[in-house]
Amino acid sequence: LRPAAPCLASTGAVDLASAYAFPEGDVLWMRAVFVSSVDGAATLDGRSGGLGNRTDRRIFALCRALADVVLVGAGTVRAEGYGPVRVATEWRSLREGRPPTPPIAVVSRQLDLDLSWPLFIAAPEHARTIVVTTASAPSDRLRAASTVADVIVARGTLVDPATAVAALAERGYRRLSCEGGPQLLAHFVAAGHLNELCLTLSPVVVCGDAVRITNGPGLTVPASMRLAHVLTDESYLFLRYVREHPGLAAPALAPGRGP
Ligand SMILES: NC(=O)c1ccc[n+]([C@@H]2O[C@H](COP(=O)([O-])OP(=O)(O)OC[C@H]3O[C@@H](n4cnc5c(N)ncnc54)[C@H](OP(=O)(O)O)[C@@H]3O)[C@@H](O)[C@H]2O)c1
């Protein structure tokens, strides 16, 4: 038996910025930041916010401050009304030596995005919103998106995670924080492009048919993860899991499983 470190420490007793630091050096690293009820629901009333508490929101804000770029699927942008990132005062010093805020990178094939949203027109010049799409996107929407965002056209009918990550790395974004949603996370896990999952377990049972934190075809071999820490606050658990062998997830999809 190997103890996880730190195990069941109170969030008040640890230095959160160190506990959630990205690996040192020039490492390309994809972190996902999610919240779930104890019975596996990723949403309450159609959004994730109702599942978190103050500490969850602090950690979410911390992960944004630590990231070079925040990656998010179009479904989440639409459901949660995303705007440009504002870094919380508490975590501003973590941006030293980097632009004051990271950009949002929206992943979408349909490009059914309202380009007059603040996400596009109010993003600061140093963190212009990025749209990650594919050549199969409607061409008129692709042209319109490129007037308000930096557009990356990745391989595949759906965005191929490897191309997307490589294109972001080329732009200097190596610490990637994926805020969802469930479809996007499933694609990245299936492609072997998830290094770390920061999961808040919310002490509520919601029943119903809410989606889980992944929504995609099942994997032939589950992606195994190692527990890096467990923190607690008000019956919430803050779990940090690291992929045992990133890049070695089972990308082959099991036929007939999943939605
Ligand atoms: N519990 C949590 O931590 C958490 C986190 C995030 C979101 N959520 C919740 O999850 C729900 C949204 O779920 P969702 O699965 O729809 O979210 P999603 O993964 O953010 O959005 C799905 C959409 O993103 C685009 N997309 C995802 N992967 C893609 C790929 N590989 N290539 C091209 N486009 C891709 C597609 O957009 P187009 O249709 O535009 O092509 C797709 O329809 C919301 O209720 C939100 O509140 C919960």
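Each ligand, and each atom within it, is numbered from 1 in the order the structure gives.
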Taking A167's backbone N and O only, do any of them form a donor-acceptor pair with R171's side chain (distance below 3.5 Å, no angle check)?
yes

Shortest protein heavy-atom distance from atom 42 (C) of ligand 1, along with the residue and atom involved
Q183 OE1, 3.7 Å

Would you say V159 has any N or O atom under 3.5 Å from an N or O of ligand 1, going by distance alone?
yes

Residue pair R143 / S146: nearest heavy atoms and the distance that separates them
O-OG, 2.7 Å

Could you go through E234 and T55, starting from their C-alpha distance and side-chain angles, then the distance that decides it, and tell me whether this counts as side chain to side chain donor-acceptor pair (under 3.5 Å)?
CA-CA 9 Å; E234 293 179 333; T55 300; 5.8 Å; no

Any chain of hydrophobic side-chain contacts (each under 4.5 Å) joining V106 to V33?
yes

Polar proximity ligand 1 side, T76 side, N/O cut 3.5 Å exclusive
yes

Shared ILVMFWY cluster between M30 and V107, side chains joined below 4.5 angstrom?
yes

Just wondering, do F60 and E179 contact through their side chains at under 4.5 Å, heavy atoms?
yes

Tell me whether R98 contacts the main-chain N or O of L66 through its side chain, where contact means a donor paired with an acceptor under 3.5 Å.
yes

Is there a donor-acceptor pair under 3.5 Å between the side chain of T133 and the backbone N or O of S108?
yes

Who's the nearest protein heavy-atom neighbour of atom 37 (O) of ligand 1, and how far?
A74 CB, 3.5 Å

Minimum heavy-atom separation for V148 to R128, with atom names?
C-NH2, 3.5 Å

How far is atom 48 (C) of ligand 1 from its nearest protein heavy atom, and which residue and atom is that?
A42 O, 3.4 Å

For ligand 1 and L184, I'd like to know whether there is a polar contact (N/O to N/O, distance under 3.5 Å).
yes

I need the atoms of ligand 1 closer than 4.0 Å to a non-hydrogen atom of V107, numbered in the order shown.
24 (O), 25 (C), 26 (N), 29 (C), 30 (C), 32 (N), 33 (C), 34 (N), 35 (C)

Under a 4.0 angstrom heavy-atom cut-off, which atoms of ligand 1 come close to E179?
5 (C), 6 (C)

Contact (N/O only, under 3.5 Å) between T43 and ligand 1:
no

Under the ring-ring contact (aromatic ring centres under 6.0 Å, His included) rule, collect the residues that match up with Y20, sequence neighbours excluded.
H229

Determine, using the 4.5 Å side-chain heavy-atom cutoff (strictly less than), whether L158 and L184 are members of one ILVMFWY cluster.
no

CG of L199 to OG of S36, rounded to nearest 0.5 Å, is 6.0 Å

Closest candidate by heavy atom, reference atom 18 (P) of ligand 1, pool G216, G181, G50
G181

Between D68 and Y173, the two heavy atoms sitting closest are O-CD2, 3.4 Å

Within the structure, does S36 bring an N/O atom to less than 3.5 angstrom of an N/O atom in ligand 1?
no

Ranking P182, C198, S108 by closest non-hydrogen atom to atom 13 (O) of ligand 1, top hit is P182

Looking at ligand 1, does any of its N/O atoms fall within less than 3.5 Å of an N/O of V211?
no

I need the atoms of ligand 1 closer than 4.0 Å to a non-hydrogen atom of S48, numbered in the order shown.
1 (N), 2 (C), 4 (C), 47 (O), 48 (C)

For ligand 1, find out whether one of its N or O atoms is nearer than 3.5 Å to an N or O atom of A79.
no

Atom 46 (C) of ligand 1: which protein heavy atom is closest, and how many Å away?
E80 OE2, 3.5 Å

Please name the pair of heavy atoms, one in S37 and one in D39, separated by the smallest distance, quoted to 0.1 Å.
OG-OD1, 2.5 Å

Closest heavy-atom pair, F120 versus L115, reported as atoms and distance to 0.1 Å, is CB-O, 3.5 Å

Tell me whether F34 has any N or O atom under 3.5 angstrom from an N or O of ligand 1.
no

Pull out every atom of ligand 1 sitting under 4.0 Å from any heavy atom of R47, numbered as shown with elements.
47 (O)

What protein heavy atom is closest to atom 3 (O) of ligand 1, reported as residue, atom name and distance in Å?
V35 N, 2.9 Å

Check this for me - ligand 1, D112, N or O atoms closer than 3.5 angstrom, yes or no?
no

Looking only at protein heavy atoms, what sits closest to atom 30 (C) of ligand 1 is H187 ND1, 3.5 Å

For G46, take its heavy atoms, then give the atoms of ligand 1 lying under 4.0 Å from any of them.
44 (C), 45 (O), 47 (O)

To the nearest 0.5 angstrom, please state how far the OG1 atom of T134 sits from the CZ atom of R155.
12.0 Å

Which of the numbered atoms in ligand 1 are below 4.0 angstrom from a heavy atom of R109?
33 (C), 34 (N), 38 (P), 41 (O)

If I apply the N/O under 3.5 Å rule, does L51 come out as touching ligand 1?
no

Report, in ascending order of atom number, the atoms of ligand 1 lying under 4.0 Å from any heavy atom of R78.
37 (O), 38 (P), 39 (O), 40 (O)

Identify the closest protein heavy atom to atom 23 (C) of ligand 1: which residue and atom is it, and at what distance?
G75 N, 3.5 Å

Subset of ligand 1 atoms that lie under 4.0 Å from at least one heavy atom of Q110:
38 (P), 39 (O), 40 (O), 41 (O)

